[in-house]
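Comments concern the structure below.
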Amino acid sequence: MAYAEGGETIAEFVDTTKRFGKVLAADRLNLKIGKGEFLSFLGPSGCGKTTALRMLAGFEPPTEGRILIDGQDIGAEPAHRRPVNMVFQHYALFPHMTVAENVGYGLRQRRPKLAKDDIAARVARALDTVRLGDFGPRRIWEMSGGQQQRVALARAIVNEPKILLLDEPMAALDAKLRGQMQMELLSLQRKLGITFILVTHDQQEALSMSDRICIMGKGRISQIGTPRELYDRPANRYVADFVGRANILPGTVIRNIGEHALVRLASNHDVVVEAPRPVSPGDKVDIAIRPEALRLGTAAEPGLPDITATVAHMTFLGEHVEYLLRHPDLGELQVMVPRQAERALPGVDVGTQLHVLWDQGNGLILGQD
Amino acid sequence: MAYAEGGETIAEFVDTTKRFGKVLAADRLNLKIGKGEFLSFLGPSGCGKTTALRMLAGFEPPTEGRILIDGQDIGAEPAHRRPVNMVFQHYALFPHMTVAENVGYGLRQRRPKLAKDDIAARVARALDTVRLGDFGPRRIWEMSGGQQQRVALARAIVNEPKILLLDEPMAALDAKLRGQMQMELLSLQRKLGITFILVTHDQQEALSMSDRICIMGKGRISQIGTPRELYDRPANRYVADFVGRANILPGTVIRNIGEHALVRLASNHDVVVEAPRPVSPGDKVDIAIRPEALRLGTAAEPGLPDITATVAHMTFLGEHVEYLLRHPDLGELQVMVPRQAERALPGVDVGTQLHVLWDQGNGLILGQD
Amino acid sequence: MTKARARWLLLGPAGLWYAALLVLPLAVVLVYSLGERAPAGGYAPALTLAQYANLGSRWTAFQNTLVLAPVGTLAALLIAYPLAYFLAVKSNPRWRTALLVLVIVPFWTSILIRSYAWIFLLGGRGIPALLADLGLGDIRLINTPFAVLVGIVYGYLPLMVFPIYVSLERLDKRLLEASSDLGAPPWRSFLQVTLPLSLPGVATGSMLVFILLMGEYLIPQMLGGGKVFFVGNALVDLFLQSRNWAFGSAMAVTLVAVMLVTVTLYMRFLSRIGAARDDVGLM
Amino acid sequence: MRIYALAVYVFLYLPIGIIALFSFSAGRSASQMQGFSTQWYAKALSNPFVIDALKTSATVALISAILASVFGTMAALALSGMKGRVRVLFDALIYIAVMIPGIVIGIATLIALVTVFDAVNPWLEAATGWRLSMGHGSLIAAHVLFTMSLVIIIVRARIEGMDRALIEASSDLGAGPLATFWQVTLPMLAPAIMAGFLLSFTFSFDDFIIAFFVAGSETTLPIYIFSSIRRGVTPEINAIGTMVMGASLMLLVIAQLTLRRGKAPGH
Amino acid sequence: RPRGAHAADLGDRAVLATWPNYHDVENFAIFQKETGVATQVNVFGSNEEMLAKLQAGGSGWDVFVPTNYTITTYVDADLIEPLDLSKLPNYDAAAFDARFADAGTVNGKLYAVPKNWGTTGMAWDSTKAKAPFTSWKEFFDLTMTDFSGRTMVHDYQLTTIGNALKYYGYSFNSVDPKELADAEKLLLQVKPHLFAISSDYQPSMRNGDAWMTMCWTGEGKQMNRDIPEIHFALGKEGGEIWSDYYAIPKNAPHREAAYALINFLIDPQVNAREATAHGFPVADSRVNALLPKEVLADPILYPAADLLNVQEFGAAATLTDPNRAELMARFKSA
Ligand SMILES: Nc1ncnc2c1ncn2[C@@H]1O[C@H](COP(=O)(O)OP(=O)(O)OP(=O)(O)O)[C@@H](O)[C@H]1O
Ligand SMILES: Nc1ncnc2c1ncn2[C@@H]1O[C@H](COP(=O)(O)OP(=O)(O)OP(=O)(O)O)[C@@H](O)[C@H]1O
Ligand SMILES: [Mg+2]
Ligand SMILES: [Mg+2]
């Protein structure tokens with residue numbers, strides 16, 4: 001349920017800025033979050049993801065700008081009066097309460113008070129939702145990491161918040177559990193229809209779960225879009241590098257070909273690449289091409305530039321083998337070769353010269369950073 | 001520098017067994033480790049990886065069986081007299097010593113004593129090797145996670161052990177740093193020529209780094225082999241499932257075709273698969289096929305069984321889209337579709353019926369568990 | 001209510017307490033220390049440093065305290081450390097809590113009564129009688145500095161055991177494995193890893209015991225037979241027997257000053273050797 | 001190692017055993033076993049001075065432990081995360097309060113309070129007919145000075161080790177500041193406060209030297225014991241000691257249970 | 001009885017500062033039953049301590065038990081008040097031996113009524129002594145020889161210094177600097193040979209650690225009764241004779257109760273019970289009439305007149321003399 005211009009907006013950052021002393025943790029954020037959307041904040045450590053979330057939750061007042069929920073400026077509302085709930089990074093479960101007490105905590109804060117039975121029923125339902133039906137009387141420290149994560153989730157959703165905030169909720173889980181929890185989280189969101197905002201620095205996680213991803217870097221929003229948009233059309237070098245892997249090569253535009261452009265690489269090869277922004281002949285541009293968009297061959301192919309490079313390293317990854325090649329002008333090139341395709345490259349080892357095949361139209365001219 | 005029968009053996013487990021009370025943590029391990037080899041122990045949590053390593057290091061005496069280093073039974077040698085060094089999971093750096101003091105610790109234990117200058121020189125060299133040349137006087141808690149990991153490495157390699165043991169040395173690092181450290185570790189091993197034994201539960205890590213991988217499950221060795229051997233020829237269901245992903249389907253052998261076999265699936269489709277072990281017509285077998293070995297199409301292809309399944313879920317993963325399909329007889333099928341190939345599937349969404357294309361010869365008959 | 005207001009409200013009672021019962025009394029003692037003894041005893045206002053000049057006459061008390069306090073601390077440390085080590089490292093985890101509790105139980109009985117038991121034990125019918133039966137001859141223990149030392153060690157052992165136990169308990173066992181892995185035999189691992197890492201506990205414990213010993217009065221009084229004289233005893237005598245309050249105040253001021261200096265120096269030393277990195281707070 | 005530990009335990013328990021043993025002596029001497037009897041328990045329990053002293057001690061210890069816990073916790077809460085001069089000042093005061101020998105505190109408090117009382121009393125007596133005097137109040141006040149500082153140190157360490165996210169989580173779930181304090185902060189601090197309370201109680205209950213100076217006409221148990229020991233000790237003292245030890249043991253068990261209940265792994 | 005009439009305005013308690021084991025606990029219970037006043041007892045180790053407490057103020061005492069030689073100091077320091085005899089109907093001046101009642105009257109006003117009297121002598125284990133002895137000279141000389149490490153002296157300046165002065169034949173109460181210097185020399189010389197400086201000598205004497213000690217009459221009698229080998233004697237060159245009194249401090253919080261308590265305790269019946277409990281001699285002839293004959297004939301409690309006559313009452317000067325105080329401190333801390 002991706003957000004579309006004109007769709008219903010549940011929350012909005014308007015020029016929201018946060019300073020910690022000299023550190024600019026959030027720099028004029030502008031962002032509309034749609035109702036029922038699954039939005040991720042993705043970015044490296046320290047880029048301000050948590051800060052954005054905490055401002056929305058009400059733990060940090062913005063230094064400048066506004067935050068709207070349901071069209072209302074909620075700048076002055078303290079955290080406990082906002083219709084949002086958070087799943088904390090290390091869950092922040094109350095160790096002195098049982099699982100059920102933890103889950104019921106939010107409901108017990110309601111005024112006028114809710115009936116005891118009502119609370120119990122809702123807690124039971126929430127625990128069922130996260131498949132912990134029988135765990136109510138357990139102590140927190142008797143629960144495994146994955147279970148604790150689900151308790152934290154139940155504790156948040158039982159309040160039926162308008163927005164659920166999740167700050168790296170799976171960072172502490174091991175790989176296997178992590179994948180499992182991602183699936184569960186996603187189906188839960190589809191079921192509840194609540195807006196989810198997820199903070200993560202794991203691109204795989206963001207790609208596989210989100211309706212839209214908001215890529216952050218140094219306090220700024222670098223790009224917002226669906227996973228495919230970001231992967232296929234990274235706006236700039238930073239995004240291209242952070243979402244998936246990319247070979248980034250400088251080049252000079254020779255001429256425009258519709259939405260594509262003919263670009264001359266440093267090695268004097270000409271390639272046809274996508275041009276999402278208008279460029280003119282003579283422009284110096286950066287081109288991004290994904291390792292899996294390149295092919296390797298033992299011979300040049302007609303119609304394609306003949307780029308010859310030396311194998312420097314091969315890493316077996318199961319489905320793929322990652323080849324690292326060295327070209328005198330282009331530097332290092334990563335090429336991801338599927339196992340099937342590799343069978344066509346017998347006897348290749350470190351030092352072998354291979355032809356890097358760049359199909360017409362693959363690759364993309366990046367915007368300025 | 002993979003281990004080959006007849007190559008030089010540096011260490012050997014001979015029927016090595018370890019019991020903790022009732023728990024059989026290591027069950028008759030038999031394993032030869034080659035000189036200069038990079039060997040990984042891969043397995044899920046609790047399968048006995050650490051136990052195997054700790055027996056080799058001398059922290060746990062085996063309950064039965066022997067352990068040889070350089071052909072000598074070292075059962076009675078205490079840890080401090082073994083020519084092996086360990087990089088601990090959380091590094092176990094001495095918090096009361098500087099980086100240099102940590103690295104020099106092993107050298108200072110030598111009797112007769114080494115000259116101060118000699119120690120200092122060796123420490124400096126080891127720190128250079130792990131690219132921490134200037135960090136000698138720093139305190140441990142002033143170092144980041146990745147840096148601490150390198151200190152732990154330097155502290156072990158400075159002693160020039162015959163075998164370097166690494167117990168999940170990268171488990172605590174974040175994804176980006178982890179990839180980087182893997183590369184460094186590998187090039188270090190190549191440079192030093194020391195035997196490395198790495199414990200991990202991350203298959204990607206094991207696949208990309210090791211000469212050989214020893215797959216463990218419940219205290220036993222399930223399979224030993226090079227990454228490609230394991231990936232392409234998993235000995236059994238357990239290994240197939242643990243190394244990479246696999247669709248595992250039951251079937252009945254129709255007839256042998258050289259090293260292949262024609263197998264009838266539960267859906268009555270016949271497929272030609274590899275048969276690494278002799279089978280006879282009528283045998284009930286399990287077949288493993290990797291998600292990336294299947295293709296999806298909008299129409300059946302001649303010569304291939306026509307398996308029609310319904311899309312249940314799609315997960316965008318960047319280079320690939322993972323399709324989860326449901327077939328009335330075969331159950332769930334995972335298919336990994338490269339982005340390029342996906343362009344041939346326009347308008348596909350959850351609920352669409354697609355043809356699963358199983359190329360002749362893909363897939364493998366598994367051994368019994 | 002603003003945050004700042006709340007903060008002041010919360011600090012109010014403590015602030016009041018410190019002002020009325022710490023700052024004020026200390027100020028009074030300081031003023032008294034510059035006064036004189038009234039003819040019939042007590043305090044007579046004056047402004048003189050005579051009392052401080054007279055401190056030399058109690059030099060023995062200072063000397064005893066400054067020798068026996070550190071020696072007592074050290075003795076307590078030497079006895080407590082192996083026990084703490086045993087409890088934290090060697091004992092069966094199942095019994096650990098019980099064994100720990102057993103260390104504190106005596107601490108919960110009035111020190112007066114326990115000291116009294118020592119008077120018997122160290123007296124002629126106690127241990128010396130046993131020793132005499134063993135043919136070790138006529139050994140007198142009670143009313144000697146040794147008896148005081150025994151009392152000190154006894155009285156303050158738990159205070160020493162606990163912080164050391166805590167720091168040893170917290171010690172990561174893998175560090176010892178790492179040490180062994182790097183070629184250190186057990187005893188060298190102890191010296192190079194265990195001992196240094198337990199220093200914060202040693203620091204806290206010895207600080208606590210030292211501070212309490214510097215002001216000790218009861219144990220020398222009861223087990224020293226009035227012959228082993230601490231600053232504490234001198235102070236009590238000055239206030240209760242000779243009633244020279246001015247001199248007593250000067251002595252108290254001096255004692256506090258000496259303690260402040262010693263403790264500060266000790267802390268400095270500890271942070272220099274890295275032991276104070278953790279929490280050499282007092283608990 | 002084990003033998004060593006055993007030896008230390010013998011060292012620790014020898015005097016306790018002696019006390020308990022002699023408390024059952026039938027004779028008059030506190031340091032001699034002359035037949036068996038429980039008469040001294042009966043004597044101690046029927047001795048109004050013992051009961052009185054015990055009452056005084058218990059009351060004083062209880063009240064000062066409560067005050068110390070409450071005020072100490074309050075101060076620790078205010079001081080945590082506080083910077084600047086006030087913080088430095090309080091740190092210094094806490095530090096000094098813990099460090100000053102009991103004798104000095106006892107004497108200094110006595111002199112200071114008497115001076116203040118003398119100044120205030122004529123006026124106060126004229127106005128209200130009441131006079132301030134040394135007694136329970138001054139004793140509690142002096143004990144609280146030390147024990148409150150202890151509580152501050154213990155509780156503050158706990159606050160600093162506490163996960164701030166818990167407070168935020170509570171607030172996030174709709175609890176206002178006060179509700180958060182009662183439902184999260186306080187329960188989280190409970191083990192530390194309890195430990196502080198028990199330490200304070202023990203200290204106050206067992207303190208002799210401060211009480212000796214500031215108790216006014218009150219007799220606490222240690223003062224009573226000290227006075228009795230001065231001349232002519234009877235096994236009554238041993239009986240008292242044995243009983244106090246029994247009570248302490250019970251308290252300890254309770255404390256142990258409370259602490260364990262509040263202790264969660266990782267906290 | 002007149003006491004009942006007072007009951008209404010007595011209050012509920014009285015605080016008594018006294019010496020250890022110096023009362024019959026039963027009597028306080030009776031007093032409370034009769035008057036509703038509970039007696040709270042504080043015990044002290046020396047007159048100096050009592051004085052210090054009163055000087056510091058805030059003692060909260062209603063009745064205390066000063067020794068004869070301290071009373072003038074209390075009066076001078078305005079710490080006690082004259083007694084209102086109308087509130088002490090049980091006091092009969094004529095019944096008291098003047099020798100033990102005199103000190104209660106200062107400047108013609110009665111400030112204190114007598115409680116008990118006694119002497120301070122020496123007790124020793126006769127099995128350790130080659131011959132019986134009866135002088136402070138022998139006491140100190142033997143300490144440095146046969147009794148080395150086995151002698152105890154009081155932690156109390158009056159008797160310890162006083163008896164050292166007697167060694168030289170000086171007055172027990174001397175404050176003469178030269179004489180005090182001699183006493184100090186002796187004490188410092190003796191100190192290494194002492195078993196302890198402590199007024200709590202009974203346990204050590206009884207279990208044989210100490211063989212000889214300075215000793216108050218009543219306690220000498222108690223030890224002698226239990227262990228006949230322990231002898232008690234007075235110094236023949238002199239020593240202390242003392243008399244304890246009841247007095248009421250200024251500003252006593254429960255003055256009426258204080259009077260009632262004193263009046264109760266000097267009731268001959270009550271006092272006789274007291275004396276039976278603690279064993280010290282009483283100066284009140286009405287009480288002596290109620291005590292058994294053998295008690296009054298005891299040579300330890302009631303020494304022969306010639307022995308008694310050379311003993312000196314403590315002098316007021318000794319209590320406040322800074323030199324004696326300092327001497328004691330130097331002796332203890334040496
Ligand atoms: N309370 C604070 N005081 C000072 N600086 C802060 C504070 N909180 C965050 N910062 C700074 O603001 C910047 C952004 O921090 P933030 O926690 O939002 O990053 P993040 O993207 O969540 O990183 P991570 O992935 O490591 O959690 C960082 O430079 C951080 O050091
Ligand atoms: N000291 C011990 N006492 C009792 N059981 C033990 C001990 N050490 C290990 N075990 C048990 O032996 C088994 C193997 O443990 P081991 O630590 O070798 O597993 P592992 O493969 O390293 O797992 P992980 O990936 O979680 O580190 C587990 O069941 C574990 O619980
Ligand atoms: Mg963050
Ligand atoms: Mg392990």
Side-chain angles (χ1 to χ4, degrees), chain C residues 32 36-44 54 56-65 116 119-126 128-129 138-144 147 220-248 251, chain E residues 44-57 70 72-74 76-79 149-150 152-158 160 191-201 203-211 316-317 319-334:
Chain C
Y32 270 40
E36 284 172 344
R37 180 186 196 261
Y43 165 75
N54 193 23
S57 67
R58 297 296 190 280
W59 172 237
T60 327
F62 275 103
Q63 211 176 9
N64 279 343
T65 310
Y116 196 76
I119 292 181
F120 168 79
L121 278 169
L122 296 175
R125 302 239 188 123
D138 183 21
I139 295 170
R140 253 172 270 167
L141 297 176
I142 190 68
N143 298 349
T144 61
Q221 170 75 19
M222 296 189 69
L223 299 179
K227 294 199 311 174
V228 184
F229 211 63
F230 275 35
V231 175
N233 303 74
L235 277 173
V236 169
D237 270 10
L238 276 171
F239 279 90
L240 290 184
Q241 303 297 339
S242 40
R243 296 175 329 291
N244 191 343
W245 293 6
F247 189 27
M251 200 148 163
Chain E
F44 284 80
S46 74
N47 277 293
E48 280 79 355
E49 238 173 73
M50 281 191 178
L51 175 58
K53 273 257 173 183
L54 277 181
Q55 273 181 321
T70 64
T72 52
T73 303
Y74 288 117
D76 290 348
D78 199 19
L79 291 169
R150 299 295 191 179
M152 293 178 76
V153 299
H154 287 168
D155 182 5
Y156 184 31
Q157 60 86 14
L158 180 73
T160 297
K191 186 171 181 191
H193 300 282
L194 292 178
F195 172 70
I197 302 167
S198 167
S199 309
D200 180 17
Y201 43 80
S204 305
M205 285 296 289
R206 284 171 184 268
N207 75 14
D209 278 351
W211 296 347
L319 181 64
T320 53
D321 181 56
N323 293 328
R324 279 182 81 124
E326 272 302 287
L327 194 169
M328 189 66 189
R330 282 197 299 271
F331 165 56
K332 283 175 71 178
S333 72

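Hydrogens, waters and symmetry mates are skipped; everything else that's a heavy atom, side chains included, is used. Reminder, nothing fancy here: chain letters follow the sequence lines and each chain counts from 1. From a predicted model like this one, the values you see are computed outputs, not experimental measurements.
One distance of note links CD of Gln221(C) with CG of Asp200(E); it measures 9.5 Å at 0.5 Å rounding.
If you tally non-hydrogen atom pairs under 4.5 Å between each of Met152(E), Glu326(E), Met328(E), Arg324(E) and chain C, the highest count goes to Glu326(E). Per-residue counts of heavy-atom pairs under 4.5 Å with chain C were compared for Ala329(E), Ser333(E), Gly149(E); the largest is that of Ser333(E). Per-residue counts of heavy-atom pairs under 4.5 Å with chain E were compared for Ala61(C), Ser57(C), Gly123(C); the largest is that of Gly123(C). In terms of heavy-atom pairs under 4.5 angstrom with chain C, the leader among Lys191(E), Gln157(E), Arg150(E), Arg330(E) is Arg150(E). Highest contact tally toward chain E, considering only Ala38(C), Gly126(C), Pro128(C), Ala40(C), is held by Ala40(C) [criterion: heavy-atom pairs under 4.5 Å].
Side-chain contact between Phe229(C) and Ile197(E) is absent, with no heavy atoms from C-beta onward closer than 4.5 Å. Looking at Leu223(C) and Asn143(C), their side chains never come closer than 4.5 Å, going by heavy atoms from C-beta outward. At a threshold of 4.5 Å between non-hydrogen side-chain atoms, the residues Asn47(E) and Leu51(E) do not count as touching. For the pair Val231(C) and Met251(C), the minimum side-chain heavy-atom distance is below 4.5 Å.
Using a 4.5 Å cut-off between heavy atoms, Trp245(C) touches chain E through its side chain atoms alone. Using a 4.5 Å cut-off between heavy atoms, Phe195(E) touches chain C through backbone and side chain atoms alike.
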Please evaluate residues Glu48(E) and Thr70(E) with respect to the criterion side-chain contact (heavy atoms from CB on, under 4.5 Å), reporting the C-alpha separation (whole Å), side-chain torsions for both, the decisive distance (0.1 Å), and the verdict. CA-CA 9 Å; Glu48(E) 280 79 355; Thr70(E) 64; over 6 Å; no
